[in-house]
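Note sheet for the following structure.
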Amino acid sequence: MNSSSANLQPAAVSNLYGHPLPSYLQSDKLGPWGVYLQQVDRVIPYLGHLARWAETLKRPKRALIVDVPIELDNGTIAHFEGYRVQHNTSRGPGKGGVRFHQDVTLSEVMALSAWMSVKNAAVNVPYGGAKGGIRVDPKTLSRGELERMTRRYTSEIGIIIGPTKDIPAPDVNTNEQIMAWMMDTYSMNEGATATGVVTGKPIDLGGSLGRREATGRGVYTVGVEAARHIGMDVSQARVAVQGFGNVGGIAAKLFAQAGARVVAVQDHGGSLYQASGLDVPALLVHVAEHGSVAGFAKAEVIAQEAFWDVDCDILIPAALEQQIHAGNAHRIKARMVIEGANGPTTPEADDILQSRNILVLPDVIANAGGVTVSYFEWVQDFSSFFWSEDEINARLVRIMQDAFAGVWAVAQEKKVSLRTATFIVACTRILRARELRGLYP
Ligand code: GLU
């Protein structure tokens with residue numbers, strides 16, 4: 001069914017639609033982990049004496065590859081390849097999502113775990129960074145198969161996860177139900193209900209109010225902050241969104257509520273354009289019913305590639321990695337890119353956007369709202385005392401605003417991009433903790 005060898009090399013990168021990316025991106029063989037390493041190299045000159053410890057950022061602390069065999073509904077046995085990588089635990093337990101996707105590789109999960117370390121330090125939640133994944137297209141599985149795969153995977157990674165060790169959460173193609181199965185499996189193996197082992201759970205199982213919308217709300221919050229700094233009026237802005245799931249859909253809703261016009265959306269099913277602004281609430285209902293933006297009547301269908309030429313003020317890539325690359329970065333018309341996805345911009349594209357004076361709000365701060373409310377969920381589970389949604393949203397907005405203000409100040413002071421500034425703030429926090437703890441033995 002899928003390859004049995006560990007995917008140690010970056011796989012040929014494919015875009016959102018499963019098509020191979022253009023040759024200039026294929027040929028450099030720069031997988032997500034390679035992208036992350038380039039980002040770290042850019043920050044080392046700013047770390048002062050802590051640079052002595054920087055090598056620790058270039059090596060995941062622990063990477064576990066697991067075989068996940070399940071019996072399919074037709075009686076045959078399928079094997080899936082699963083991963084859990086703990087990049088760094090200097091500041092606290094590992095924390096980060098689990099994704100189910102046919103293109104998941106070890107390189108990708110390593111990079112995603114490292115971006116979690118940076119993200120968690122950037123918003124100053126007391127976690128290290130971790131990430132997990134299974135190389136599978138979950139759409140090909142029945143509900144029963146999905147549950148069996150999730151439970152077996154959880155059991156296999158059970159040796160390294162736990163409420164004080166490493167706390168998974170949802171990511172691409174995983175949701176509250178999958179978190180419920182993970183929580184139950186871990187609890188059954190432990191012999192005690194451990195709600196704090198995962199976040200992003202259903203409300204009835206110790207989940208937090210506001211968690212589902214948190215990533216999109218964080219994207220919107222930093223977008224508004226950045227717009228204020230560059231004199232952009234959000235209520236007049238035209239917004240284009242790639243990916244209309246939990247992140248892109250919610251961010252689009254909040255921008256539209258603020259008066260912005262969402263002029264273009266793209267997902268795995270198609271690309272839509274509407275100069276006067278799409279009816280976002282209607283589109284959300286359509287996507288909930290049909291699984292994609294395809295077939296939404298009240299918009300013009302545009303070619304997949306034409307999405308990058310759309311005249312807009314704010315572009316929100318909220319799908320997968322490496323969507324903005326050297327081949328399309330020069331076509332982008334937005335003044336501001338808000339990275340709802342993890343790793344959507346390659347380093348070459350970063351440079352092109354910067355030279356074109358397009359402000360990039362990097363993933364490691366822009367999409368940190370999700371893990372911030374995951375932290376609130378974990379705290380609530382530990383104290384068995386639950387907060388109101390208003391309280392959660394107010395705390396989320398305050399954390400995002402403060403983190404953004406800190407990063408903005410560093411970017412101004414050091415004359416660096418917001419990505420490098422976020423890495424400076426975060427890596428300094430991680431390496432300070434590393435230095436204080438010292439090496440064992
Ligand atoms: N998967 C989300 C992310 O990439 C959330 C992780 C979490 O809540 O732990 O930030």
Side-chain angles (χ1 to χ4, degrees), residues 32 36 83-89 91-101 104 108-134 157 161-176 178-179 182-183 195-202 206-219 221-222 243 245-248 250-251 317-321 338-344 361-381 392 396 399-400 403 422 426:
Y36 164 75
Y83 311 97
R84 185 71 188 172
V85 178
Q86 295 168 351
H87 171 260
N88 189 282
T89 56
R91 302 179 64 256
K95 182 86 190 84
V98 171
R99 72 171 54 179
F100 293 170
H101 195 277
V104 163
E108 182 191 29
V109 179
M110 280 161 56
L112 291 164
S113 71
W115 285 324
M116 287 310 304
S117 298
V118 176
K119 189 186 304 186
N120 292 334
V123 286
N124 215 359
V125 292
Y127 293 132
K131 201 86 174 196
I134 304 182
I157 66 166
I161 65 170
T164 59
K165 291 158 97 181
D166 178 4
I167 306 111
D171 196 75
V172 173
N173 291 337
T174 54
N175 56 24
E176 293 172 5
I178 285 166
M179 294 307 113
M182 290 188 76
M183 186 280 254
T195 54
V197 67
V198 292
T199 58
K201 298 179 295 296
S208 177
L209 294 167
R211 174 63 186 86
R212 201 183 301 159
E213 301 79 27
T215 313
R217 191 174 295 280
V219 164
T221 303
V222 294
N246 193 36
V247 182
I250 300 295
L320 294 172
E321 298 95 316
I338 317 177
E339 295 185 337
N342 290 309
L361 311 191
D363 46 7
V364 281
I365 185 104
N367 70 31
V371 74
T372 301
V373 176
S374 276
Y375 167 56
F376 298 161
E377 178 174 334
W378 183 74
V379 168
Q380 292 170 85
D381 287 339
I392 286 157
L396 168 64
I399 288 183
M400 297 300 292
T422 310

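These numbers come from a predicted model, not from an experiment. Counting starts at 1 for both ligands and their atoms, following the listed order.
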Between Arg217 (side chain) and Ala251 (backbone), is there a donor-acceptor pair under 3.5 Å?
-> no
Among Gly97, Ala130, Ala341, Gly340, which residue places a heavy atom closest to atom 6 (C) of ligand 1?
-> Gly97
Under 4.0 Å from a heavy atom of Lys131: give me the atoms of ligand 1 that qualify, with their elements.
-> 1 (N), 3 (C), 4 (O)
The protein heavy atom nearest to atom 8 (O) of ligand 1 is Ser374 OG, 2.5 Å
Flag for Arg91-Asn124: side-chain donor and acceptor within less than 3.5 Å | yes
Beyond-backbone contact of Met182 with Thr174, side-chain heavy atoms, under 4.5 angstrom = no
Please state which protein non-hydrogen atom is closest to atom 7 (C) of ligand 1 and give its distance, to 0.1 Å?
-> Ala169 CB, 3.3 Å
Going by the order shown, which atoms of ligand 1 are within less than 4.0 Å of some heavy atom of Met116?
-> 3 (C), 4 (O), 6 (C), 10 (O)
Can you pull out the closest protein heavy atom to atom 9 (O) of ligand 1? Residue, atom name and distance to 0.1 Å, please.
-> Lys95 NZ, 2.8 Å
How does Pro170 reach ligand 1, if at all, at less than 4.0 Å between non-hydrogen atoms: by side chain, backbone, both, or neither?
-> backbone
Sidechain-backbone polar pair: Trp378 side chain, Pro163 backbone, donor-acceptor under 3.5 Å | yes
Within a distance under 4.0 Å of any heavy atom of Gly96, pick out the atoms of ligand 1 and give their elements.
-> 9 (O)
Under 3.5 Å, side chain of Asn120 to main-chain N/O of Val125, donor-acceptor pair present?
-> no
Ligand 1 versus Glu377: contacting region, heavy-atom distance under 4.0 Å = neither
Counting heavy atoms under 4.0 Å, the part of Asn342 that contacts ligand 1 is side chain
Thr215 and Ile250: CA distance, side-chain angles, deciding distance, side chain to side chain contact (heavy atoms under 4.5 Å, CB included) verdict = CA-CA 8 Å; Thr215 313; Ile250 300 295; over 6 Å; no
Applying salt bridge (charged side-chain N to carboxylate O under 4.0 Å, His left out) to Lys131 and not counting sequence neighbours gives Asp171
For the side chain of Glu377 and the backbone of Lys201, is there at least one donor-acceptor N/O pair under 3.5 Å apart?
-> yes
Side-chain (Asn342) to main-chain (Leu112) donor-acceptor, under 3.5 angstrom = no
Would you say Gly200 contacts ligand 1, with heavy atoms under 4.0 Å as the rule?
-> no
How close does the nearest protein non-hydrogen atom get to atom 5 (C) of ligand 1, and which residue and atom is it?
-> Arg211 NH2, 3.5 Å
among protein heavy atoms, the one nearest atom 3 (C) of ligand 1 is Lys119 NZ, 3.3 Å
